[in-house]
Amino acid sequence: MAGEIPDLVATERTGTGKGAARQARRDGLVPGIVYGGEADPLPINIPFNVLLKRLKQGRFLSTLFNLKVEGQEDVRVICRGVQRHVVKDLPTHVDFMRLKRTSLINLFIPVEIIGEEEAPGMKKGGVVTHVRTEVELIVTAGDIPEKITLDVSTGNLGDVYHISDIALPAGAKSVIDRDFVIANITAPAGLGSSDDEDATEEAAEA
């Protein structure tokens, strides 16, 4: 199951139309709307500084939030659009969609690599190179994995690990169709050239 889903605290916006939205912005808030989920649209306000911080953290459009609005039940939402000021590029409006537990969404899931200490290649001085530290998966809103795990405990120098080497959670699949690289075990600097020299010397002796 997923780890802690971040909370996003908002207030219900009273009044509708451009006038209420302008007043919200003057009060340091960003107006928004929550829709979907077989419920009526809910106009909300989010503190400008909170929203801006979230946007700067990245992945805002692919992050699942637990929306908390006083007087309303908590609901899982995902952002479906952020309007910005044409000159200042600051958020002026945000749209969220409610999600059912069975809803399919795209999320970036961290990749954890285990077994490095046991890997034969590591004992020879190899280095595990993390090609992808996270992978975009299609998952259900009610069963989001906290992470996916790659085991390299049997890895040797030169081994390459792909997404197919990871057992994805039930119902999850990669957004990318091809079998892309997650990590590899590379030889330490100088080992390759030393091996080549040994091979050359052996050939000369023969």
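Just so you know, these numbers come straight off a predicted model, no measurement behind them. These values consider heavy atoms only, across backbone and side chains, with no hydrogens, waters or symmetry-generated copies.
Note: Tyr161 OH to Ile185 CD1 = 4.5 Å, rounded to the nearest 0.5 Å. The distance from the CD atom of Glu146 to the CD1 atom of Ile5 is 11.0 Å, given to the nearest 0.5 Å. Rounded to the nearest 0.5 Å, atoms CG (Leu8) and CG (Leu67) are 6.0 Å apart. Atoms CZ and NZ, from Arg76 and Lys100 in turn, are 15.0 Å apart once rounded to the nearest 0.5 Å. Atom CG of Leu64 is separated from atom CD1 of Ile144 by 4.0 Å, given to the nearest 0.5 angstrom. The NE2 atom of His130 sits 14.5 Å away from the CZ atom of Arg132 when rounded to the nearest 0.5 Å.
Remark: Glu136 engages no residue in a salt bridge (Lys or Arg N to Asp or Glu O under 4.0 Å) (not counting sequence neighbours).
Taking each heavy atom of Pro91 and Leu52 in turn, the nearest pair found is CD-CD1, 4.1 Å. Between Arg178 and Ile163, the closest heavy-atom pair is O-CG2, 4.2 Å. Heavy atoms only, all atoms of each residue included: Ala183 and Ile113 are closest at CB-CD1, 3.8 Å. Considering all non-hydrogen atoms of both residues, Pro41 and Ile33 come closest at CB-CD1, 4.0 Å. The two residues Ala10 and Ile46 come nearest to each other via the heavy atoms CB-CG1, 3.9 Å. Taking each heavy atom of Glu112 and Lys147 in turn, the nearest pair found is OE1-NZ, 3.1 Å.
Under a hydrophobic-cluster definition in which Ile, Leu, Val, Met, Phe, Trp and Tyr are linked whenever side-chain heavy atoms come within less than 4.5 Å, directly or via other members, Val152 and Ile166 are assigned to the same cluster. Residue Val69 is not grouped with residue Leu29 when hydrophobic side chains (ILVMFWY) are merged at heavy-atom distances under 4.5 angstrom, including chains of intermediate members. When the side chains of ILVMFWY residues are joined at heavy-atom separations under 4.5 Å, either directly or via intervening members, Leu107 and Leu150 end up in a single hydrophobic cluster. Linking ILVMFWY residues whenever their side-chain heavy atoms come closer than 4.5 Å, directly or via other members, places Phe180 and Ile109 in the same cluster. The hydrophobic clustering, which links ILVMFWY residues whose side-chain heavy atoms are closer than 4.5 Å, places Val160 and Val128 apart.
With a 4.5 Å cut-off on side-chain heavy atoms, Leu99 and Val77 do not count as touching. Contact check for Pro6 versus Arg54: side-chain heavy atoms found under the 4.5 Å cut-off. Looking at Ser62 and Asn106, their side chains never come closer than 4.5 Å, going by heavy atoms from C-beta outward. Looking at Pro169 and Ile148, their side chains come closer than 4.5 Å, going by heavy atoms from C-beta outward.
Proximity of a side-chain donor or acceptor of Asp143 to a complementary backbone N or O of Thr140 within less than 3.5 Å is not detected. Of the possible donor and acceptor atoms, none in the side chain of Asp179 sits under 3.5 Å from a partner among the backbone N and O of His162. Panel note: side chain Thr92, backbone Gln83; a donor-acceptor pair is recorded below 3.5 Å. Side chain of Asp151 to backbone of Ser153: a donor-acceptor contact under 3.5 angstrom is found. Looking only at distances, no side-chain donor or acceptor of Arg98 sits under 3.5 Å from a matching main-chain atom of Val75. The main-chain N or O of Pro31 is never found under 3.5 Å from a side-chain atom of Arg25 such that the two would form a donor-acceptor pair.
Annotation: ring-ring contact (aromatic ring centres under 6.0 Å, His included) contacts involving residues 63-108, sequence neighbours excluded, comprise Phe60-Phe65.
Environment of CG in Asp177: sparse, with no more than 12 heavy atoms of neighbouring residues, nucleotides or ligands closer than 6.0 Å. Taking a 6.0 Å sphere around CG of Asp40, one finds it holds 12 or fewer heavy atoms contributed by other residues, nucleotides or ligands. A 6.0 Å sphere centred on CD of Glu73 holds no more than 12 heavy atoms belonging to other residues, nucleotides or ligands.
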Q: Apply the test side chain to side chain contact (heavy atoms under 4.5 Å, CB included) to residues Arg84 and Leu55: give CA-CA distance (whole Å), side-chain angles for both, the deciding distance (0.1 Å), then the verdict.
A: CA-CA 12 Å; Arg84 295 176 179 269; Leu55 289 171; 4.0 Å; yes
